[in-house]
Amino acid sequence: MGKTIRVGVNGFHTIGARVADAVKKQSDMELVGVSKLKPDYRARIAQEKGIDVYAADQKSLKSFKDSKTKVKGTLDDLLQGVDLIVDATPDGVGASNKPTYERAGVKAIFQGGEEHSLTNFSFVAQCNYEGGADKRYVRVVSCNTTGLCRTLHALEGAFGIEKARAVLVRRGADPDEVSKGPIDAVVLDPATIPSHHAPDVQSVLRGLNIVTMAIKAPTTHMHLHSLLVTLRKKPSRELVIDALENEPRMLLVDSKSGFKSTASLVDMAREMGRPRNDIYEGVVWADSVTVLEKEVYLFLAVHQEAIVVPENIDAIRAMTGGYTKAQSMRVTDDSLGIIPRFWKS
Ligand code: NAD
């Protein structure tokens with residue numbers, strides 16, 4: 001394969017820290033450094049892990065120096081040493097960073113908090129890996145869109161989809177987001193329909209007839225989707241399960257085996273020794289899969305902090321070349337410990 005891909009990560013928290021660790025696990029990539037706004041404990045953790053830390057800008061550089069936190073330079077310095085930057089800054093900040101990447105002549109991957117129009121190419125590895133080949137800028141879609149795209153890709157490939165409807169129960173906040181809620185409410189997110197997820201899925205699966213509704217619930221564990229998909233041909237339940245089992249990065253579980261809730265899934269990841277309890281797969285309850293004529297019903301769980309990590313790694317390879325979709329996904333999955341496992345009784 002080609003030469004080592006030099007990668008930087010800008011924004012080092014929920015997604016950025018995970019992507020940085022995942023880049024370090026790839027034998028064809030080098031993590032040159034990460035860029036951070038604040039000299040907080042995460043800067044020290046990065047250094048403990050042997051990662052060079054850069055300040056986001058001159059003001060941030062000053063706060064690093066004032067707090068006597070080791071710093072290699074600024075984002076501009078980091079950009080000089082990389083082929084590609086993964087931007088994992090908060091929603092909208094990525095868009096304001098794009099001119100900096102353009103000036104530096106560096107390819108960039110943005111996250112799902114940015115608009116599709118920022119790159120005009122939204123990525124989910126199994127759906128459109130090849131489309132990344134000629135792109136300088138790619139957007140890896142959000143966690144929920146990734147989970148929906150993987151699931152719908154499986155059903156579209158096997159049966160064709162007439163229409164898809166999904167109700168998403170979203171986690172209220174990530175585990176360490178103490179300032180966010182809700183604490184004791186279910187919030188319409190938003191009250192208007194469709195939620196932003198439907199057009200976002202259509203940015204990857206073009207022309208798909210999909211409507212989504214979303215609410216936010218007081219949990220940090222995962223998102224849970226209720227899906228109703230009308231297929232073009234009447235399937236058997238077994239064939240639907242086969243299609244989902246054969247789809248990469250999908251995991252089937254079963255309530256009879258003890259998987260009663262998203263908490264059981266997080267417990268499984270913890271007991272399996274997954275880093276940060278991460279679940280990279282879209283998780284479908286096999287016993288929820290119900291077929292009525294051409295309609296399929298199922299529950300899908302999405303680990304918001306983890307599901308886009310393998311997508312970012314594959315997007316890096318898609319944009320820099322040398323690997324087919326299957327090769328890249330296999331290398332990524334091997335490095336992250338994603339193996340096909342079916343937790344059904
Ligand atoms: P986060 O708030 O956990 O991390 C962002 C980090 O970037 C913070 O440490 C923040 O201090 C830092 N930052 C802010 N401005 C910066 C700047 N100018 N330069 C460098 N660093 C800066 O955010 P996140 O949850 O990792 O989200 C990042 C992106 O990933 C967003 O687009 C988000 O929508 C998307 N995403 C998030 C999740 C999730 O559930 N957390 C899931 C999928 C996609």
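Atoms within each ligand, like the ligands themselves, are counted from 1 in listed order. When a residue number appears, it is its place in the shown sequence, counting from 1.
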Using a strict cut-off of 4.0 Å, indicate which atoms of ligand 1 neighbour a heavy atom of Asp91.
-> 31 (C), 32 (O), 33 (C), 34 (O)

Between Asp333 and Arg249, does at least one N-O distance fall below 4.0 Å, as a salt bridge requires?
-> yes

For atom 32 (O) of ligand 1, find the nearest protein heavy atom and state the residue, atom name and distance (0.1 Å precision).
-> Gly113 N, 3.0 Å

Gln111: numbered ligand 1 atoms lying under 4.0 Å from its heavy atoms | 29 (C), 30 (O), 32 (O), 35 (C)

Can you tell me the protein heavy atom closest to atom 43 (C) of ligand 1 and the distance?
-> Cys143 N, 3.7 Å

Look at atom 40 (O) of ligand 1 and find which of Glu305, Arg171, Arg170, Lys36 reaches it with the closest heavy atom.
-> Arg171

So does Lys38 have more than 12 non-hydrogen atoms from other groups sitting under 6.0 Å from NZ?
-> no

Please identify which atoms of ligand 1 are closer than 4.0 Å to at least one heavy atom of Gln304.
-> 38 (C), 39 (C), 40 (O), 42 (C), 43 (C)

Are Glu162 and Lys294 within salt-bridge range, i.e. N to O under 4.0 Å?
-> yes

State if Arg42 counts as touching ligand 1 under the rule of any non-hydrogen atom under 4.0 Å.
-> no

Per-atom contacts, ligand 1 versus Ala88 - under 4.0 Å to a heavy atom = 5 (C), 28 (C)

Please report the shortest heavy-atom distance between His153 and Leu205, naming the atom on each side.
-> N-CD1, 4.4 Å

What residue and heavy atom of the protein are closest to atom 7 (O) of ligand 1, and at what distance?
-> Pro90 CD, 3.5 Å

Return yes if a side-chain donor-acceptor contact under 3.5 Å exists between Asn312 and Gln111, otherwise no.
-> yes

Which residue owns the protein heavy atom closest to atom 8 (C) of ligand 1, what's the atom, and how far is it?
-> His13 CB, 3.8 Å

Where ligand 1 meets Ala56 - atom numbers and elements under 4.0 angstrom, heavy-atom basis = 19 (N), 20 (C)

Look at Arg18 together with Asp21 and state whether they make a salt bridge at an N to O cut-off of under 4.0 Å.
-> no

Run down the list Val19, Asp174, Thr89 and name the one with the heavy atom closest to atom 17 (C) of ligand 1.
-> Thr89

The answer for which part of Asn10 has a heavy atom under 4.0 Å from ligand 1 is side chain

May I ask you to identify the nearest protein heavy atom to atom 18 (N) of ligand 1, giving residue, atom name and distance to one decimal place in Å?
-> Val93 CG1, 3.6 Å

Atom of Lys234, atom of Glu293 and distance for their closest heavy-atom approach = CG-O, 3.4 Å

Only heavy atoms count here, so choose which of Leu37, Thr146, Ile15 is nearest to atom 37 (C) of ligand 1.
-> Ile15

Please determine if Glu102 and Arg136 form a salt bridge, counting it only when a charged side-chain N lies under 4.0 Å from a carboxylate O.
-> no

Can you name the one residue among Val32, Val82, Val86 that meets side chain to side chain contact (heavy atoms under 4.5 Å, CB included) with Val7?
-> Val86

Give the residue and atom name of whichever protein heavy atom lies nearest to atom 25 (O) of ligand 1, and the separation in Å to one decimal.
-> Thr14 CB, 3.5 Å

Can we say Glu48 and Arg42 salt-bridge, meaning some charged N sits less than 4.0 Å from an Asp/Glu carboxylate O?
-> no

